[in-house]
Amino acid sequence: MKLQTRDVFETMRADLDLVDERVARFGAVDFPIVSELVADIVQAGGKRLRPMILLLAGRAFNGDIDRLVTAAAGVELLHIASLIHDDSIDRAAIRRGKPTLNSRLNSGAVILVGDYLFAQSAMLAAATNINRVVSIFASTLGDICDGQLREMFDAHRLDQKQADYERRIFGKTASLFAGSAEMGATIGEADAASVAAMRRFGENFGMAFQIMDDVLDLRESTLDLGKPSGNDLRQGTVTLPIMRFAAMLSPASPDFRLLENVISGERDAEADVDRLVTMIRDSGAIEESISEAERFVEIAKGCLTLVPDPTTRSMLREIADSALGRIP
């Protein structure tokens with residue numbers, strides 16, 4: 001019988017609870033004015049996919065559970081810190097249905113809280129006492145920053161290629177999934193080929209995950225998350241569905257000029273954004289993007305042949321498929 005994602009989380013619940021406890025402990029901020037806000041962000045959580053992948057990658061081989069939990073808490077804190085910095089840059093007021101730090105604090109304080117959590121996450125990576133884990137962590141942090149810089153400097157530019165997009169989302173999203181899988185396999189004392197395969201699994205899953213996130217931005221309203229449908233258009237962020245739609249248009253057409261003007265920020269009326277969202281939905285660009293995400297998921301699952309434990313292999317395959325299950 002095929003596993004369901006909920007079955008995977010139930011199987012791993014005890015380990016994930018240990019991760020949550022460690023995230024809460026190391027994510028605590030000793031300043032009353034911000035401690036409750038940070039605690040809300042930490043507890044809001046999400047599915048803990050990055051810790052899950054790290055735990056499973058270690059379980060697939062011979063991972064020490066305490067080291068795996070420590071590293072998993074580190075990658076989740078790294079993720080949370082990056083979200084805090086994201087929200088500050090984007091001036092987002094809501095995330096996961098809760099107020100962001102920058103809706104309540106000045107920008108300097110928000111950046112310092114994010115930096116504090118980055119430091120705490122690094123301390124957790126170091127606490128594994130495995131030099132290679134610390135090296136992977138540092139490299140991943142660099143990749144995340146690179147992805148964020150690329151998103152910032154590529155904003156409002158429609159003249160981007162898919163290779164530019166893929167490099168950006170690797171840094172922004174896929175690098176942490178790749179690093180999580182690599183850390184888990186490293187702690188599990190897997191051989192070099194298996195560690196490399198697990199890293200490729202995480203990377204390809206992360207690419208699919210972000211593409212589907214970009215599809216979700218256009219597929220349906222996300223007001224419950226504080227982001228209206230078409231938020232990427234409003235921010236001038238050129239995603240794969242937007243690229244595919246632009247490629248269908250003549251550069252001389254009124255629709256292309258409208259898209260160009262919205263992406264550049266010259267036009268920001270809600271009616272213009274809503275019209276573009278409708279056109280993108282009707283164009284086939286979303287379906288093309290989903291097909292690209294499916295391709296990455298298949299590559300990810302193909303990386304699991306070296307996983308010796310069939311149960312863990314099945315759970316990782318289900319996690320890979322879950323990237324596509326985010327859209328009805």
Side-chain angles (χ1 to χ4, degrees), residues 41 44-54 56-57 72 74-90 92 95-96 114 117-118 121 136-155 160 162-184 198-219 222 225 227 231-232 235 237-243 289-290 292-300 303 316 319-327:
I41 294 169
K47 286 190 174 180
R48 306 294 199 215
L49 277 172
R50 295 153 191 85
M52 170 74 82
I53 286 174
L54 190 151
L56 286 171
V75 301
E76 185 65 11
L77 271 182
L78 175 55
H79 174 55
I80 292 168
S82 69
L83 294 182
I84 288 172
H85 278 187
D86 278 357
D87 289 341
S88 179
I89 292 167
D90 296 341
R95 180 179 286 277
R96 293 169 178 163
L117 294 181
F118 276 130
S121 65
I136 297 165
F137 179 92
S139 177
T140 300
L141 179 54
D143 287 334
I144 291 170
C145 293
D146 179 78
Q148 293 295 354
L149 286 168
R150 288 180 186 280
E151 180 163 288
M152 184 182 299
F153 289 113
D154 285 346
Q160 298 178 47
Q162 186 166 330
D164 300 318
Y165 168 78
E166 289 184 2
R167 183 168 180 180
R168 169 162 39 97
I169 69 168
F170 167 75
K172 176 183 175 181
T173 300
S175 63
L176 187 49
F177 285 111
S180 297
E182 186 179 5
M183 284 184 228
M198 290 308 304
R199 178 176 177 82
R200 289 194 302 273
F201 167 83
E203 176 179 342
N204 283 281
F205 170 80
M207 297 295 283
F209 184 92
Q210 185 58 53
I211 290 171
M212 294 304 287
D213 202 56
D214 295 339
V215 164
L216 181 62
D217 179 72
L218 293 160
R219 260 296 268 275
T222 52
L225 300 179
K227 299 189 297 182
N231 194 56
D232 289 328
Q235 293 186 337
T237 301
V238 180
T239 63
L240 185 59
I242 294 170
M243 285 182 178
S289 300
I290 292 173
E292 191 69 2
E294 289 170 344
R295 183 179 71 83
F296 278 113
V297 166
E298 288 307 309
I299 295 171
C303 296
L316 285 165
I319 291 295
D321 284 333
S322 74
L324 304 174
R326 302 169 71 208
I327 301 294

Can you classify the ring geometry of F201 versus F205 as parallel (below 30°), tilted (30 to 60°) or perpendicular (above 60°)?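 Judged by the thresholds at 30° and 60°, the geometry between F201 and F205 is parallel.
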When rounded to the nearest 0.5 angstrom, what distance separates [atom1] in [X] from [atom2] in [Y]?
X    : Y    : atom1 : atom2 : answer
L77  : S121 : CG    : OG    : 6.0 Å
T173 : H79  : OG1   : NE2   : 8.5 Å
M212 : M207 : CE    : CE    : 14.5 Å
L141 : L176 : CG    : CG    : 10.0 Å
E151 : T237 : CD    : OG1   : 4.5 Å
I144 : F118 : CD1   : CZ    : 6.5 Å

Under the 3.5 angstrom rule, does the side chain of D217 hit a backbone N or O of N231 as a donor-acceptor pair?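 A pair under 3.5 Å: yes.
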Closest non-hydrogen atom pair, [X] against [Y]:
X    : Y    : result
A323 : V297 : CB-CG2, 4.3 Å
Y165 : V238 : CD1-O, 3.8 Å
T140 : G179 : OG1-CA, 3.8 Å
S289 : V215 : CB-CG2, 3.8 Å
S180 : R50  : CB-O, 3.6 Å
A181 : I53  : CB-CG2, 3.7 Å

Give a yes or no on whether a salt bridge exists between D146 and R150, defined as a side-chain N under 4.0 angstrom from a carboxylate O.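 R150 and D146: salt-bridged.
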Is there a side chain to side chain contact (heavy atoms under 4.5 Å, CB included) between L240 and D214? Walk through the geometry before answering. CA-CA 7 Å; L240 185 59; D214 295 339; 5.6 Å; no
Could you give me the CA-CA distance, side-chain angles and deciding distance for M198 and L316, then say whether side chain to side chain contact (heavy atoms under 4.5 Å, CB included) is met? CA-CA 10 Å; M198 290 308 304; L316 285 165; 3.9 Å; yes
Go through E203 and R200 one step at a time and tell me if the salt bridge (charged side-chain N to carboxylate O under 4.0 Å, His left out) criterion holds. CA-CA 5 Å; E203 176 179 342; R200 289 194 302 273; over 6 Å; no
Looking at side-chain heavy atoms only, is the closest gap between R167 and D154 below 4.5 Å? no
Any residue meeting salt bridge (charged side-chain N to carboxylate O under 4.0 Å, His left out) with E298, in chain and number order, not counting sequence neighbours: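 Scan of E298 (salt bridge (charged side-chain N to carboxylate O under 4.0 Å, His left out), adjacent residues dropped) gives K301.
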